[in-house]
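Notes follow once the structure below has been shown.
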Amino acid sequence: MTTFKNDLVLNLPDITKIEFKKIVKSYLKVIIINFFLFFIPLFTGLILLHKLVFHEGIKIYIILIYALFLLLFGCIFLYLILSFPKRKYALREKDISYKSGLFIKKITTVPFSRIQHVEIDEKPTLRLFGLASLSVYTAGDSSDDLVIKGVTKEIALQIKEYISTKINE
Amino acid sequence: MSNSFNFSNFSRQSSKGVLVIYINLIYNLIKFTWFLLFLIIKDFTKLSNSLGANYIYLGVAFILIFLLIRAYLVYKNFQFKIENEYFILKQGILKKTNTAIPFHRIQNINFKQNIIQQIIGVFEVSIETAGSSATEIAIKALSLSKASALKELISKSSILDKEVNIDHESKPFVKIGFFELFKVSLTENHLQNLFLFFAIIIGFFQQLQQIDYSFGEIRFFDDLIEEGTNVLTTSIFLLSILLFTLIIMALISSFVKVFLIHFNLTAYLKEDAFEVNQGLFTKKSIVLKKQKIQNITISTNPLKRLIGISFITFKQAVSGKLNQKKDKLIRIVGCKAAQIEVVKKSLFDATELESKQKFFPDNYYKRKIFIISFLILVILYLILYKISNSVEILYSIILVFPIVVFLIHKKIKKRYYKISDSMLLVGRGLLETHITYLEIFKVQNIKMKQNVFQQRSNVADLILQTASGKIKIPCVNFKDAVKIYNHTLYKVETSNTSWM
């Protein structure tokens with residue numbers, strides 16, 4: 001229906017044609033650990049509620065409550081595992097891209113010339129496997145900028161170095 | 001002129017500044033404790049009987065004197081000077097702070113006058129810096145000559161250009177008089193203003209109610225509300241009175257809002273900046289550098305279109321969270337078509353863009369909105385039916401259904417984009433129409449989103465992030481989306497122009 005014209009340059013570099021690199025495999029372990037760090041306190045909380053607080057009226061449905069709870073977290077867990085291979089990033093000469101998402105595919109590209117600063121942070125669970133996450137900030141509301149979680153620390157530093165030289169060019 | 005003032009040694013504000021600071025302190029105190037004051041005044045006789053009125057007066061006097069001393073100390077400790085192209089500021093009574101700002105970091109110097117500053121004839125000078133929001137400095141009281149001298153001195157040796165200097169001899173390109181402002185407020189979005197008004201009122205009542213709860217006296221407001229609802233259900237006469245008052249209130253809230261902010265609006269066009277002066281109680285003079293403007297939005301509504309006016313919203317680059325910086329949105333209301341052309345022409349070349357074809361979202365967008373709104377309608381009616389238990393309520397569908405369809409139709413018709421080599425235009429709106437102009441190279445980063453349903457229909461959402469917020473183009477055909485994506489990146493990466 002629609003035809004988009006661009007007369008000046010005929011062959012623009014195509015974002016869909018570039019090769020994306022996958023996130024380091026061991027980051028999956030970090031995701032799983034983080035999941036359980038989140039899940040176990042909630043689950044013990046539920047058990048405590050069951051044993052100490054709930055009165056008889058609720059206890060009739062207790063199996064249903066447990067089933068729903070486990071189903072919900074089972075789904076989240078499954079989603080985390082299945083969406084893992086979709087997390088990919090790519091560096092080009094002038095920009096950096098990240099894509100992710102199983103049901104909602106997302107791709108973000110930040111040109112180097114618009115980067116304000118780069119941040120590497122290593123949370124305890126990440127450090128366990130020698131990993132780091134790399135955040136790139138642009139001007140304006142930075143809540144939605146690009147973050148690559150789960151690259152090895154070495155590569156994170158390399159990327160940071162690469163971007164720094166590119167910004168200064 | 002600049003020689004008549006010596007900034008190389010530390011100097012203080014105008015001595016009238018004590019008064020400005022004093023009133024500001026009192027104002028802040030009242031702002032934070034108004035509900036307490038309200039209670040005290042409400043039960044004043046009761047309190048004065050038990051405590052003795054003299055003690056209360058004494059307490060008030062003590063607070064006022066304390067604030068006066070504080071104001072004097074704040075004034076005494078607030079000193080600034082200029083040294084080696086740095087603006088240096090010392091402040092703080094107990095916690096001393098030293099701030100030094102290099103001239104080249106200074107973006108804007110704005111003059112402002114609230115009602116007290118107007119009465120005693122001083123100006124508030126605020127110094128805006130790029131980037132970090134923490135270093136924004138406001139000097140509360142300077143005489144006009146000293147303020148202009150300071151501004152001139154800083155502008156002379158920095159990137160702030162000469163043209164920025166206030167020069168009231170030139171003719172303003174927009175000047176909104178009293179009558180025109182009247183027309184503007186008459187055609188405002190009254191519904192929105194009414195909601196705003198109610199939000200404030202409801203917030204006010206909630207706060208009162210909370211306090212009343214804590215004092216164990218709930219009855220008054222609840223009785224009032226209950227009484228009101230009872231009467232409401234029984235009398236249509238009162239209903240129409242209520243409707244009438246609502247309309248009047250909506251009109252009044254529009255008038256108050258417009259006159260407070262935009263009174264005596266004049267806008268000047270300079271070589272590389274706009275200067276906008278407006279405000280009733282708080283006069284603001286803002287210098288908007290063209291380079292700093294990230295995008296502009298031209299908005300109108302059916303009423304405004306009837307008398308041929310619209311308003312322009314300029315968006316500047318902001319740092320940090322957007323909603324905290326509402327004052328960075330600068331609006332010129334009541335513009336005629338010719339004036340809009342002047343603004344557009346002075347900022348960018350949009351002639352190529354205007355002749356381009358309009359692209360509407362894919363049919364998927366239409367389907368999505370229809371399905372979502374009908375789901376909401378069905379749920380709403382189910383809830384209403386559950387509550388009222390009467391079938392009569394379903395009759396209103398005859399009225400509601402066509403309105404919803406009409407609104408959705410309007411929304412879809414106004415959603416479009418146009419793209420040329422260097423510019424992007426995005427239209428949106430429901431009853432109002434907003435058209436945003438963006439120079440593509442000012443994009444900060446770009447995002448493409450596609451959910452499972454969109455994948456099946458082969459469409460995607462595009463989100464362009466600028467330094468002043470996001471611009472969304474929903475449900476573009478996937479092939480076009482990729483083309484725009486690539487083109488935007490190409491434009492950003494090949495441009496050498498500074499985006500700010």
Side-chain angles (χ1 to χ4, degrees), chain A residues 1-18 20 79 82-83 86 90-118 135-148 163 166-167 169, chain B residues 130-131 294 315 317-323 325 356-360 362-363 419-422 441-455 460-461 463 465-470 476-496 499-500:
Chain A
M1 176 191 115
T2 51
T3 44
F4 169 74
K5 267 210 198 101
N6 184 1
D7 303 323
L8 272 177
V9 179
L10 285 174
N11 288 313
L12 283 181
D14 193 340
I15 194 75
T16 53
K17 301 265 160 60
I18 60 175
F20 278 81
Y79 173 78
L82 287 179
S83 66
K86 303 282 177 191
L91 272 175
R92 288 197 291 187
E93 204 178 314
K94 287 182 189 299
D95 53 31
I96 181 165
S97 309
Y98 179 69
K99 65 177 177 182
S100 65
L102 186 64
F103 299 117
I104 303 172
K105 280 189 189 168
K106 272 183 263 180
I107 173 164
T108 311
T109 304
V110 183
F112 291 146
S113 55
R114 295 291 179 270
I115 292 177
Q116 298 286 315
H117 70 277
V118 185
S135 314
V136 164
Y137 293 92
T138 59
D141 185 8
S142 316
S143 60
D144 226 18
D145 287 340
L146 186 138
V147 185
I148 305 176
I163 291 175
K166 288 286 176 187
I167 293 174
E169 256 172 26
Chain B
Q294 296 296 309
K315 282 196 178 164
V318 291
S319 52
K321 279 266 169 281
L322 282 173
N323 40 13
K325 295 244 173 166
K356 291 280 177 182
Q357 186 196 338
K358 276 185 190 177
F359 292 108
F360 290 93
D362 192 86
N363 271 332
I419 186 161
S420 73
D421 185 52
S422 61
F441 80 90
K442 290 199 169 171
V443 168
Q444 296 287 323
N445 68 55
I446 183 165
K447 188 173 282 192
M448 184 158 64
K449 264 189 191 172
Q450 202 181 27
N451 64 30
V452 182
F453 304 111
Q454 286 176 322
Q455 264 170 59
D461 293 342
I463 297 139
Q465 178 111 35
T466 70
S468 62
K470 285 174 201 161
V476 187
N477 180 297
F478 185 69
K479 247 171 72 189
D480 292 340
V482 171
K483 270 181 187 159
I484 295 171
Y485 200 101
N486 291 333
H487 179 74
T488 306
L489 285 175
Y490 167 75
K491 271 310 205 193
V492 173
E493 283 157 14
T494 52
S495 94
N496 293 319
W499 57 271
M500 191 176 122

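Reminder, nothing fancy here: chain letters follow the sequence lines and each chain counts from 1.
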Region of B/Val443 that comes under 4.5 Å of a non-hydrogen atom in chain A: backbone
Min side-chain heavy-atom separation B/Gln465-A/Thr108 under 4.5 Å: no
Non-hydrogen side-chain atoms of B/Tyr490 and A/Lys94 separated by less than 4.5 Å: no
Structural part of B/Ser495 lying under 4.5 Å from a heavy atom of chain A: side chain
Value rounded to 0.5 Å, distance of NZ in B/Lys447 from OG in A/Ser97: 12.0 Å
Greatest number of heavy atom pairs closer than 4.5 Å to chain A - which of B/Gln454, B/Lys449, B/Gln294, B/Met448: B/Met448
Test applied, side-chain contact (heavy atoms from CB on, under 4.5 Å); reference residue, A/Thr109; option that passes from B/Asn445, B/Ile446, B/Asn486: B/Ile446
Proximal component of A/Pro111, with respect to chain B [non-hydrogen, under 4.5 Å]: both
Within 6.0 angstrom of A/Ile104 CD1, more than 12 heavy atoms from elsewhere: no
Under 4.5 Å from a heavy atom of chain A, the part of B/Gln455 involved: side chain
Best-contacting candidate, B/Thr488, B/Ile463, B/Leu489, against chain A by heavy atom pairs under 4.5 angstrom: B/Leu489
Largest heavy-atom contact set with chain B, pairs under 4.5 Å, which of A/Ile107, A/Ile115, A/Leu102: A/Ile107
Spatial distance of atom CD (B/Gln450) from atom NZ (A/Lys99) [nearest 0.5 Å]: 10.5 Å
A/Tyr79 atom OH, over 12 foreign heavy atoms within 6.0 Å: yes
Interface moiety of A/Glu93 toward chain B, non-hydrogen atoms closer than 4.5 Å: neither
